[in-house]
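The block underneath contains the structure these notes are about, expressed in structure tokens.
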Amino acid sequence: MSAIRLLHLYPELMNLYGDRGNLICLQKRLQWAGYSCDIVPLRLHEPIDAVKSDFIFMGGGSDREQALLYNELRRQADYLWEQIEAGLPSMWICGGYQLLGQYYETADGTQLAGLGLFDFHTQAGLGRMIGNVILETEMTGDTTELIGFENHGGRTYFNDSSLRHLGRVVHGFGNNGEDGGEGLHYKNLIATYLHGPLLPKNVELTDYVLACILRRRGVEELPPQDLELERAAHRQARQRIMGGQRG
Ligand code: GLN
């Protein structure tokens, strides 16, 4: 099998709070299972080549960086949508998540038109939403908890009520601090405010993303791996957030 390629969109611009750790986590898990895996950076003005990609990833960025690349990526919006519909796995964090909607209005009132792939919008509000987050989700089958960290001024609101959240907020703010929803899950696409990085702290979610990637290569599942350390990291992060009260 040819090397699995994880496409990292604009790493110089969109990579906050260790977002890249998500890619390293996927790469390591694949390598442990005997697959070769490359993390391939995509620079501004380079076209996305989905045929050569097993996974697309974009991290978060500041308003300034988002403004630099929104127009660039909008040119590729139709192509990207075709790939997402066809099941290409992808993950979009914070500023990357905001980009998928209709627009993001920054704190100074500038409206950045998004890709319009999903019917939601993001509006900067008073004060930033910062802190650790716990979500509850059924996306991996059973109810599981996801642990992460958020830091955003934008509040995201779904205009289309059929859109599915990634999870329900147990602790933290989530999409907007009001409706209890966090992130977006559509086919093999995950969009979320959770930095962290997210995957190293959440084995179940990593397994889910790996399964999406490998299924497209005709592989049903990874051989069992010893993930006790990763599970301990999850438990510890959760305990810290809850101040040792639960778990
Ligand atoms: N600039 C955006 C906001 O503050 C996204 C920030 C981020 O990616 N962490 O909402």
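None of these values were measured; they are calculated from a predicted model. Every number for a ligand or one of its atoms is a count from 1 in the order of the listing.
A side-chain donor from one of His121 and Asn159 sits under 3.5 Å from a side-chain acceptor of the other. Side chain to side chain, Glu72 and His45 meet the donor-acceptor criterion of an N or O pair below 3.5 Å. Side-chain atoms of Thr144 and Thr137 form no donor-acceptor pair, as typed in the model, at a separation below 3.5 Å. There is no side-chain donor-acceptor pair under 3.5 Å between Glu204 and Tyr208. Using a 3.5 Å distance cut-off with no hydrogens or angles, the side chains of Glu138 and Thr143 do pair a donor with an acceptor.
Close approach to Gly153 involves these atoms of ligand 1, each under 4.0 Å from a residue heavy atom: 3 (C), 4 (O), 10 (O). In summary, the atoms of ligand 1 found under 4.0 Å from a heavy atom of Leu16, numbered by their order in the structure, are 7 (C), 8 (O), 9 (N). Taking a cut-off of under 4.0 Å to the non-hydrogen atoms of Gly95, the atoms of ligand 1 that pass are 5 (C), 7 (C), 8 (O). Numbered from 1 in the order shown, with element, the atoms of ligand 1 that lie under 4.0 Å from a heavy atom of Gly60 read 8 (O).
Taking a cutoff of 4.0 Å between a charged side-chain nitrogen and a carboxylate oxygen, Arg235 and Glu228 qualify as a salt bridge. Between Glu145 and Arg238, at least one side-chain N (NZ, or NE/NH1/NH2) sits under 4.0 Å from a carboxylate O, which counts as a salt bridge.
In terms of N/O distances under 3.5 Å, ligand 1 is approached by His195. Any N or O atom pair closer than 3.5 Å counts here, and Tyr193 shares no such pair with ligand 1.
Residue-level proximity to ligand 1 for Asn151 is carried by the backbone, the only part with a heavy atom below 4.0 angstrom. With a 4.0 Å heavy-atom cut-off, ligand 1 is reached by the backbone of Asp63 and by its side chain too.
Looking at atom 7 (C) of ligand 1, its nearest protein heavy atom turns out to be Cys94 SG, 2.8 Å. The shortest contact between atom 2 (C) of ligand 1 and any protein heavy atom is with Gln66 OE1, 3.1 Å.
Of all the listed residues (Tyr97, Tyr104, Phe149), Tyr104 holds the heavy atom that lies closest to atom 3 (C) of ligand 1. Comparing Gly61, Gly154, Ser62 by heavy-atom distance to atom 5 (C) of ligand 1, the nearest is Gly61.
Ligand 1 has no atom lying under 4.0 Å from any heavy atom of Met14. Residue Arg128 places a heavy atom under 4.0 Å from ligand 1.
Between the side chain of His195 and the main chain of Asp19, no donor-acceptor pair closer than 3.5 Å is present.
Considering Tyr97, Phe173, Phe149, Trp92 as possible partners of Tyr193, the one that fulfils the ring-ring contact (aromatic ring centres under 6.0 Å, His included) test is Tyr97.
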